[in-house]
Structure formats: C-alpha cells, structure tokens
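Everything below concerns the one structure shown next.
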Protein chains: 2
Amino acid sequence: MSKHTIIRLSRYKNALYRFESLGFVKVFSDNLADAIGVTPSQVRKDFSMFGLSGNKRGGYKVDELLAKLNEILGTNKAHNVIVAGAGNLGSALIKYKGFEKENIKITAAFDIDHSKGERAGEIPVKPFDEMQEYVRQNDIRVGIIAVPDMAAQHVADVMMAGGIKGILNFAPIRLRVDEGIVVNNVNLALELENIIYFICVPMGSGKGIK
Amino acid sequence: MSKHTIIRLSRYKNALYRFESLGFVKVFSDNLADAIGVTPSQVRKDFSMFGLSGNKRGGYKVDELLAKLNEILGTNKAHNVIVAGAGNLGSALIKYKGFEKENIKITAAFDIDHSKGERAGEIPVKPFDEMQEYVRQNDIRVGIIAVPDMAAQHVADVMMAGGIKGILNFAPIRLRVDEGIVVNNVNLALELENIIYFICVPMGSGKGIK
DNA sequence: CGGATAATGTGAAAAAAGTAACGAAATGCT
DNA sequence: AGCATTTCGTTACTTTTTTCACATTATCCG
Ligand SMILES: NC(=O)c1ccc[n+]([C@@H]2O[C@H](COP(=O)([O-])OP(=O)(O)OC[C@H]3O[C@@H](n4cnc5c(N)ncnc54)[C@H](O)[C@@H]3O)[C@@H](O)[C@H]2O)c1
Ligand SMILES: NC(=O)c1ccc[n+]([C@@H]2O[C@H](COP(=O)([O-])OP(=O)(O)OC[C@H]3O[C@@H](n4cnc5c(N)ncnc54)[C@H](O)[C@@H]3O)[C@@H](O)[C@H]2O)c1
C-alpha cells in the first residue's frame, strides 16, 4: 500500500475530527476532498482500497469512519515512543502535547549528556547507555532520532538492537537500516531549500521550466 | 518541475558535499544513486532535465556539479528567513546552526509573548506586531510558522500581507493561501502515524496488503 | 593509434498515481 | 408508491513518474 495513501488516510482522519467537533454526523467525499485538497474520486478510491464504504446517498457516518480509520492506522491503540537526543529539537518534541491526542506517547528520552536530565519537562531524560535495555523491556517499537548527524547512525543501530522497528529521523543523513525497518526522514533544511527553489523559479532563469 | 525532482537535487547536492569532503573529484551516477537511494537512471534523468551533463566515461566533476546544483536550487545566494512563534519548536529552530551551511539564515523571530525575547539565543525575538513591517522592509520571502494551530492561519495572512512567498508550516492544519504562495507542511504527528502504520501492517490484519 | 570498455544521455516501455465517468442504490419529495 | 436526485463504488482512462535499454562517446591501454 502506497505511503501517500496512508498519509491521506491520516489527513482524512484529522479532517473528520474537525467535522465531528463541528457537529457533523455524516460527510461526503466532497467535504473530505475539500478539507485535505484532493478530488472526491481520490477520497472514494482511497476508501475503497480499505473496504471503507458509505451509503449511496448518505455519505459516510463520521463516527464509524473515524473508528475504522483509527483501526487501520493503528491509532486506536496507544503507542509508546522514545526520543534519542534531548537537545534543542529533542526537548521541543518532549514538551509537545499534540502527539497524545493521536494516541502517541513519548515515554522517555535518552542523551549522553546527563545534564539534560532536568530541563525537559515531565518526561525523564535517561543516560543513553540505558536506551537499548529500556527499548527491549518496554517493547518500544518507534524511536525518534534528534542527535547530531555524526551520532545518528550509531543511535539507529542501538535502537534496532533493542528491537525498534520504525525511526523518525531528524538528522540530515541517510540511515543504513536492516530489512524491514521503516525510516521517515524529516530534513528541514531540505524543506526550506525546496520552498526557495519554487519561489525563485517563476521569475527566475528560465531554466527548469517544463 | 516536480517537487520530488527538486528534493532529489537537494539530496544529490548534500551527497556531493560528502563526496567532496572525502576527496572525490568526480562521481558516477551509481555513486549518487547509492548515496540517496535511487537508481542510476533516475540520477541521470534528473540531471538531464536541467541540462546537467557529465562525461561519457568520466562521470561528473564534483565541483562543477555542485556549483550548478547550487545555482539551480538558489543555494548560491543567501536567503533570509523569519520564524513566527518562539515557543518550544521555534526556539529550537532559532538555535539551529545547520541552516547556515545551506546559505539560509534566520534573521528574526516574532512572538506575541514578549517574555520570549530573552531565551532564544542570538537571534532577536520581536513583538509579533512588527512582523509585517519587518518582512516588507527586509524583503523577506520565506517564513516559518511555529505557532499553535489556532494562530497559524492568521500568521500566514500577515506573512503574505508583508510579501512572503513561501511558508514552512509546522502547525497541523491546512493553510489557505493566495495563488502562487508555496507552502510546505511538516506534520510530525502524521509522520509518526505513518511509521506506526507500516510497522504494524506486515504482521497485522491482512487488510491493506496489496 | 585503434580497439575495448565503461559510463553517459535519451527515447521507449512499464509502473504508479490520479482523474473522470457512469451504473447502482439510497434518499427524499410529491 | 413512484420518480427524481444525489452520492457512492468501481472501472476505464489519463497523466506522471520511474525504469529499462542501448546507441553514443570519452577514456584507457597495449
Ligand atoms: N534544532 C533544529 O531546529 C534542527 C533543525 C533541523 C535539523 N535538526 C537536526 O536534529 C538533530 C538534533 O538537533 P538539535 O538542534 O536538537 O541538536 P543539539 O545539539 O541541540 O542536541 C543534540 C543532543 O544530542 C545529544 N547527543 C549527542 N550524541 C549523542 C549520542 N550518541 N547519543 C545520545 N545523545 C547524543 C547531545 O548531548 C545533545 O543534547 C541534528 O541532527 C540536527 O541536524 C535540528
Ligand atoms: N514542539 C513540537 O515538537 C511540535 C511537534 C509537532 C508540531 N508542532 C507544532 O508546531 C507549532 C508550535 O509548537 P510549539 O510546541 O513550539 O508550541 P509553543 O506553545 O511552545 O509555542 C508557540 C509560540 O507561539 C506564540 N504565539 C501564539 N500565538 C501567536 C501569534 N498569533 N503570533 C505569534 N506568536 C504566537 C506563543 O507565545 C508561543 O511562544 C504548533 O502548531 C504545534 O502543533 C510542534
């Protein structure tokens, strides 16, 4: 199943929560399409791929659809996540409350610098040495890498050794991982570069215009 | 030109810097392909779309290719960027040194909370009221949104009113923007959800397997 | 110097993703 | 109840993206 499809499912889900809080009890493919910026066909096709069906004229029932999407996406169950690196970015993530409403909970952070222990809110910042054992004991499946580039591969290796299956990586390098390990990279410099390219091109050199 | 192509160009560029620092003077499409995880054909096709050419047997000269990529991507010129919101995420961004090596500089941050002024390093945190004028006077073209969801659309509107053309948005909402404005969204909860889906599926319900 | 080789550049083929179109079924209205 | 209407679900089509394949040409080496 394509990654893009899954991303859209998450977006539908978020849109549905907004519709729900607005008092909607049913939605049409048009509504969802507008909400996330795709065509109604796309919505229906995405749904049909997962056997999500509505009523021929009544659209989709918001609560049912939400329940099914949460089940498909795994967001009906709680997921515990750890963070490696409690520096600038790591502490921002630790303090963020927004993950919990998606049923995702950061349970611990790990850093080689012990002094980071204090300043990161409620979530404990533990010594990095303890990470692998913590991961194993608590059956953690997802880890976030927020350490400097040079340390990222090593951290990934330790995560995998502990049994982690998915990594969200903020370091601007390509991690070498075992078969079956899922890695999503967030490269912010690259996002900015990308924006810069697209705002420069239209008035730009003439190169690169199709 | 496709966004994905541009992202790959940025990746090639990063890989090339690493090759350069390793002493490489020329590279082949194979090297670049391995480095960023695509096929050699893809590399050559990407390059050919921008008239980037190498030598039939000697590959590509690293320094020349880098110069051309930097020109195409706009990274040969410095770009000034502002941040709205100097909270957890905003301050992490402000303190990050990594953007400067891509010739991107955060010149100011803006927050409605004046007390944020102190704790954000060298870059000044100014009152949000001053943002629009600052953007205009300094000809800022790119803004980063790191304010709470509810404030994000308003911040985007002010940015656009000041003349900003590209937005990197961390708030988990879809911004409504004028024609021609480029928006890149970074939705971290969604990235985590996505990872969770893909690590759950293989052993999962059997649903959703193609 | 000339043939062997290795790597490019590109057009054609394949695959993937997205869009449109339309029959079928549920709803509401008279 | 019957009819008109609306919206789904699915199939067929279009567009985009990626991969393949190979002619072309620069380089190496005897
Ligand atoms: N801060 C940002 O806004 C930002 C933006 C883009 C990318 N990034 C990337 O995110 C990562 C983290 O950035 P940051 O600004 O938080 O850096 P930082 O230097 O503030 O924090 C890194 C933390 O990792 C810890 N650390 C170092 N080596 C470690 C190891 N082997 N094991 C465990 N912990 C270790 C350090 O003690 C430090 O606390 C970097 O790879 C950076 O390139 C950050
Ligand atoms: N912190 C994270 O790790 C994280 C993760 C995912 C998403 N996000 C998103 O990033 C955004 C920022 O998150 P955060 O954790 O830094 O929040 P935060 O609450 O720490 O910081 C938000 C800052 O924005 C300021 N602000 C509020 N309204 C404003 C306005 N109208 N104009 C200017 N400034 C204003 C506040 O004073 C505050 O300093 C949010 O949209 C959040 O959903 C953050």
Side-chain angles (χ1 to χ4, degrees), chain A residues 1-12 15-16 19 24-66 68-69 72 174 194 197-198 201 207-210, chain B residues 1-12 15-16 19 24-66 68-69 72 174 194 197-198 201 207-210:
Chain A
M1 184 57 52
S2 149
K3 173 167 167 168
H4 287 274
T5 309
I6 304 305
I7 288 176
R8 282 195 301 269
L9 290 193
S10 287
R11 296 216 160 104
Y12 300 138
L16 281 166
F19 282 125
F24 282 52
V25 57
K26 54 185 173 181
V27 290
F28 304 120
S29 54
D30 276 26
N31 304 135
L32 287 166
D34 285 352
I36 83 159
V38 297
T39 62
S41 289
Q42 180 84 82
V43 176
R44 297 199 296 273
K45 175 151 272 179
D46 286 340
F47 286 179
S48 91
M49 287 181 144
F50 288 90
L52 299 172
S53 56
N55 300 314
K56 275 277 155 61
R57 187 170 163 172
Y60 304 84
K61 297 203 76 183
V62 173
D63 55 353
E64 284 176 17
L65 193 50
L66 265 174
K68 284 179 185 161
L69 281 174
I72 290 166
R174 200 166 94 91
N194 195 248
Y197 174 82
F198 283 104
V201 170
K207 271 281 190 44
I209 320 178
K210 178 118 83 175
Chain B
M1 185 58 51
S2 150
K3 174 167 167 167
H4 286 276
T5 309
I6 304 305
I7 288 176
R8 284 195 301 269
L9 289 193
S10 287
R11 297 215 161 105
Y12 299 139
L16 281 166
F19 281 126
F24 283 51
V25 57
K26 54 185 174 182
V27 290
F28 305 120
S29 55
D30 276 27
N31 304 135
L32 287 167
D34 286 350
I36 82 160
V38 297
T39 63
S41 292
Q42 181 85 82
V43 176
R44 297 199 296 273
K45 173 81 69 174
D46 286 341
F47 286 0
S48 90
M49 288 181 143
F50 288 90
L52 298 172
S53 57
N55 300 314
K56 273 275 154 59
R57 185 166 164 179
Y60 304 85
K61 296 204 74 182
V62 174
D63 55 353
E64 285 176 16
L65 192 51
L66 265 174
K68 284 178 184 162
L69 282 174
I72 289 166
R174 201 164 93 91
N194 194 249
Y197 174 82
F198 283 105
V201 170
K207 272 279 189 44
I209 320 180
K210 179 122 81 179

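A note on names: the letters A, B, ... follow the listed sequences, proteins ahead of strands, and every chain is numbered from 1.
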Spacing between [X] atom [atom1] and [N] atom [atom2], to the nearest angstrom:
| X | N | atom1 | atom2 | answer |
| --- | --- | --- | --- | --- |
| D46(B) | dG9(C) | CG | P | 12 Å |
| M1(B) | dT15(D) | CE | C1' | 16 Å |
| K3(A) | dA15(C) | NZ | C1' | 19 Å |
| L52(B) | dT8(C) | CG | C1' | 13 Å |
| K61(B) | dA7(C) | NZ | P | 17 Å |
| H4(A) | dT15(D) | NE2 | C1' | 15 Å |
| D30(B) | dC20(D) | CG | C1' | 14 Å |
| L32(A) | dG9(D) | CG | P | 12 Å |

For the residue pair F50(A) and T5(A), establish whether any side-chain heavy-atom pair is separated by less than 4.5 Å.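 Yes, at least one pair of side-chain atoms sits under 4.5 Å.
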
With side chains defined as the heavy atoms from C-beta onward, is the minimum distance between F47(B) and L32(B) less than 4.5 Å?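 Of all side-chain heavy-atom pairs linking L32(B) with F47(B), at least one is under 4.5 Å.
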
[N], OP1 or OP2 - any side-chain N/O from [X] closer than 4.0 Å?
| X | N | answer |
| --- | --- | --- |
| T39(A) | dT19(C) | yes |
| R44(B) | dT19(D) | no |
| Q42(B) | dT19(D) | yes |

Should the pair F24(B) and F19(B) be assigned to parallel (<30°), tilted (30 to 60°) or perpendicular (>60°) ring geometry?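 Because their plane-to-plane angle lies in the 30° to 60° range, the rings of F24(B) and F19(B) count as tilted.
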
Straight-line distance of [X] [atom1] to [Y] [atom2], nearest 0.5 Å:
| X | Y | atom1 | atom2 | answer |
| --- | --- | --- | --- | --- |
| D46(B) | S29(B) | CG | OG | 11.0 Å |
| L66(B) | Y12(B) | CG | OH | 14.0 Å |
| L9(A) | I36(A) | CG | CD1 | 8.5 Å |
| T39(A) | R44(A) | OG1 | CZ | 8.0 Å |
| K45(B) | R8(B) | NZ | CZ | 11.0 Å |
| M1(B) | Y197(A) | CE | OH | 5.5 Å |

Considering only dA21(C), dT19(D), dC8(D), which nucleotide approaches the side chain of S29(A) most closely?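 The listed nucleotide nearest to S29(A)'s side chain is dC8(D).
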
Looking at dA17(C), dG18(C), dT8(C), which one has an atom nearest to any side-chain atom of F28(B)?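 Within the option list, the nearest is dT8(C).
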
Does N31(A) reach the main-chain N or O of F28(A) with its side chain, forming a donor-acceptor pair under 3.5 Å?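 At least one qualifying donor-acceptor pair exists.
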
Under 4.0 angstrom, heavy atoms only, what part of the nucleic acid is [X] near: base, sugar-phosphate, or nothing?
| X | result |
| --- | --- |
| S41(A) | base |
| Y60(B) | sugar-phosphate |
| T5(B) | nothing |

Pairs under 3.5 angstrom, nitrogen or oxygen only, protein versus nucleotides 24-30 of chain D, please.
residue	atom	partner	partner atom	Å
dT27(D)	O2	R57(B)	NH1	2.5

Estimated bend of the helix from dC1(C)-dG30(D) to dT30(C)-dA1(D) (axis per five terminal pairs, rounded to 10 degrees):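 Axis-to-axis angle, ends of the helix: 10°.
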
Answer with yes or no whether K45(A) presents, from its side chain, a donor or acceptor under 3.5 Å of a partner atom in the base of dT19(C).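 A donor-acceptor contact between them is present.
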
